[in-house]
Amino acid sequence: MSKDTIANLLTCIRNANINRKSTVRIESTNITEKIVKILLREGFIENARKLKEENKDFLVLTLRYRRTLPYTYKKILNLKRISKPGQRIYSNYQRIPRILGGMGIVILSTSRGIMTDREARLERIGGEILCYIW
């Protein structure tokens, strides 16, 4: 387990998505809870619940799949970590990138908390670009 909890969250979701797992369990921190709330609100995951085992908190996420033909599933989630512990990437509100022309989201860490690119543009604040999700 790495010290970068955001990269760990994205990697666990990406790996579960590739292997067509319906649920994934990750360690719970304040940042991961806020990112999961954004994913849930934007419709990228189906459900999230908190689980406590041996004095540790975990989040159990139910992933969303699109069924095209019987026994074939298309993955819906693409995730990319942008700002890393060794290289932070910051942007003002005017230069926040648009993912797939607004179909995807950018998650930012701002002075007012973790929010999506749309919310940051409305409030006219920039911040650290955490990840792209489409």
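Because the structure is predicted, anything quoted here is derived from the model rather than measured.
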>> Working note: K80 + I82, criterion side chain to side chain contact (heavy atoms under 4.5 Å, CB included); need CA distance, chi angles, decisive distance, verdict.
In response: CA-CA 6 Å; K80 185 176 181 183; I82 302 301; 4.0 Å; yes
> Which is it for I26 and F58 under the side chain to side chain contact (heavy atoms under 4.5 Å, CB included) test, yes or no, and what are the steps along the way?
Replying inline: CA-CA 6 Å; I26 56 168; F58 293 98; over 6 Å; no
> Checking side chain to side chain contact (heavy atoms under 4.5 Å, CB included) for the pair R112/I125: CA distance, chi angles, key distance, verdict?
Replying inline: CA-CA 9 Å; R112 296 187 190 158; I125 54 174; 3.9 Å; yes
> Please walk me through it: do T116 and R41 pass side chain to side chain contact (heavy atoms under 4.5 Å, CB included)?
Replying inline: CA-CA 11 Å; T116 64; R41 186 178 66 222; 3.9 Å; yes
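Residues L108 and I96 form a side-chain contact, since some pair of their non-hydrogen atoms from C-beta on lies under 4.5 Å apart. Between I105 and W134 the shortest side-chain heavy-atom distance does not fall below 4.5 Å. Side-chain contact between S22 and L63 is absent, with no heavy-atom pair separated by less than 4.5 Å.
From I31, atom CD1 reaches atom OG1 of T5 across 5.0 Å, with rounding to the nearest 0.5 Å. For the atom pair CD1 of I129 and CZ of R81, the computed distance is 11.5 Å after rounding to the nearest 0.5 Å. For the atom pair I99 CD1 and I107 CD1, the distance stands at 11.0 Å (nearest 0.5 Å). Put simply, CD1 on I45 and CG on L39 are 5.0 Å apart, with the number rounded to the nearest 0.5 Å. From I13, atom CD1 reaches atom CG of N78 across 12.5 Å, with rounding to the nearest 0.5 Å. Remark: I114 CD1 to I38 CD1 distance equals 6.5 Å, nearest 0.5 Å.
When every heavy atom of V24 is checked against every heavy atom of A16, the shortest pair comes out as CB-CB, 3.9 Å. Counting all heavy atoms, side chain and backbone alike, A48 lies closest to L61 at CB-CD2, 3.6 Å.
Atom CZ of R98 has 12 or fewer neighbouring heavy atoms from other residues, nucleotides or ligands inside a 6.0 Å radius. Annotation: E53, atom CD; neighbour count of heavy atoms from other residues, nucleotides and ligands within 6.0 Å is above 12. No more than 12 heavy-atom neighbours from other residues, nucleotides or ligands sit within 6.0 angstrom of CZ on R49. Surrounding CG of L51 are more than 12 heavy atoms belonging to other residues, nucleotides or ligands, all under 6.0 Å away.
No path of Ile, Leu, Val, Met, Phe, Trp and Tyr side chains, each step under 4.5 Å between heavy atoms, connects F44 with M115, placing them in separate hydrophobic clusters.
Residues satisfying the salt bridge (Lys or Arg N to Asp or Glu O under 4.0 Å) test with E46, not counting sequence neighbours, are none.
Side-chain contact, S83 with E128: a donor N or O sits under 3.5 Å from an acceptor N or O.
Identified under the side-chain hydrogen bond (donor to acceptor under 3.5 Å, both in side chains) test for residues 31-40, with sequence neighbours left out: S28-E33, T29-T32, E33-K50.
Between the side chain of N8 and the main chain of D4, no donor-acceptor pair closer than 3.5 Å is present. The main-chain N or O of A120 is never found under 3.5 Å from a side-chain atom of E123 such that the two would form a donor-acceptor pair.
A cation-pi arrangement is not found for R121 relative to Y93, the charged atom failing to lie both closer than 6.0 Å to the ring centre and inside a 45° cone about the ring normal.
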